[in-house]
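A short write-up of the structure that comes next.
Everything quoted here is computed from the prediction, not taken from an experiment.
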Amino acid sequence: ACPGYQIKRVDYNKLFDALNEAMEACPSIDLDFLYSSKVASQVKVNLKKHEKTFSGGNTLSLIDDTTGWSEGPLAYSLCDAVFWPAQLESFGYVGLEAMTVGTPVITYNHCPMSELISDRVNGILIPCDNKQTELGVTYVEHNHRKIVETFKLINNDPGIINSMKNTSHKIVAKHKEDFPKFWENAVEQLIAPRKDK
């Protein structure tokens, strides 16, 4: 599952180019892109044009929900993993929602995602480079090559996903205790560029 309604400041063309290449190379992977049409219209992206069936038989399906996926955790529980390629994220609901139902998360190694996900434990952290917005807020630059490599890794060794599923629930309990620290780190990351101003 790829929760599109939560993705902020996304270069959709680069993202879908990477997903298309990854899915062409990974015949066992199907991707459901969950999104809200309200949000998609706000960012002026026609996600429907990216829906397709690949030569290996796998599909990129776009599922529209006008309520904004209020039942997101239920949707995530039906999936093997949640791919969360947010370039700029404030809190991290997607990761928390996925972990509460034991679904591992694939995301960029960037705060706050990296505060929630432990690599190869309850998810996979994709290496990435960072840039800054005009206000000095750090965001992720899409790493096309690493997205493709990650999907190939999962395709070639499905046991990785099963292993992460077994530990995801345990990680949720740990983060219940660590929540204040996580929140402080997330806020610190957001305000850091402003300290010198």
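Rounding to the nearest 0.5 Å places CG of L125 at 7.0 Å from OG1 of T107. Atoms NZ and CD1, from K152 and I147 in turn, are 13.0 Å apart once rounded to the nearest 0.5 Å. To the nearest 0.5 Å, atom CD1 of residue I154 and atom CZ of residue F83 are 9.0 Å apart. Note that OG1 of T138 and CG of N130 are 6.0 Å apart. Values are rounded to the nearest 0.5 Å. The CH2 atom of W84 lies 12.0 Å from the CD1 atom of I126; values are rounded to the nearest 0.5 Å. Between M113 atom CE and I106 atom CD1 the span is 13.0 Å, to the nearest 0.5 Å.
With hydrogens and angles disregarded, no donor-acceptor distance shorter than 3.5 Å links the side chain of D32 to the backbone of I63.
The closest side-chain heavy-atom distance from M23 to K52 is not below 4.5 Å. By the 4.5 Å heavy-atom criterion applied to side chains, L60 and N20 are counted as neighbours. Residues I117 and N122 meet the side-chain proximity criterion, which asks for heavy atoms closer than 4.5 Å. Using a 4.5 Å cut-off on side-chain heavy atoms (C-beta onward), N109 and P127 make no contact. By the 4.5 Å heavy-atom criterion applied to side chains, I124 and P104 are not counted as neighbours. For the pair D80 and T103, the minimum side-chain heavy-atom distance is 4.5 Å or more. Side-chain contact check for M99 versus T167: every heavy-atom pair is 4.5 Å or farther apart. Annotation: side chain of L88 is not in contact with side chain of H110 (no heavy-atom distance under 4.5 Å).
Shortest non-hydrogen contact noted between P27 and A25 is CD-O, 3.4 Å. Here the closest non-hydrogen pair linking L34 and A75 is CD1-CB, 4.0 Å. The two residues A98 and V82 make their nearest non-hydrogen contact at CB-CG2, 3.9 Å. A pairwise comparison of heavy atoms in A81 and I161 identifies CB-CD1, 3.9 Å as the closest pair.
Crowding of K48 atom NZ: a count of heavy atoms from other residues, nucleotides or ligands under 6.0 Å exceeding 12.
Between the side chains of Y108 and H142, at least one donor N or O lies within less than 3.5 Å of an accepting N or O.
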Could you please spell out the steps behind the side chain to side chain contact (heavy atoms under 4.5 Å, CB included) verdict for H50 and N13?
CA-CA 9 Å; H50 298 287; N13 289 328; 4.3 Å; yes
Show your reasoning for whether side chain to side chain contact (heavy atoms under 4.5 Å, CB included) applies to L19 and L31.
CA-CA 9 Å; L19 291 179; L31 187 68; 3.7 Å; yes
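We find that E149 and K146 are joined by a salt bridge, their nearest charged nitrogen and carboxylate oxygen being less than 4.0 Å apart.
Residues Y12 and V148 do not share a hydrophobic cluster, clusters being chains of Ile/Leu/Val/Met/Phe/Trp/Tyr side chains in contact below 4.5 Å.
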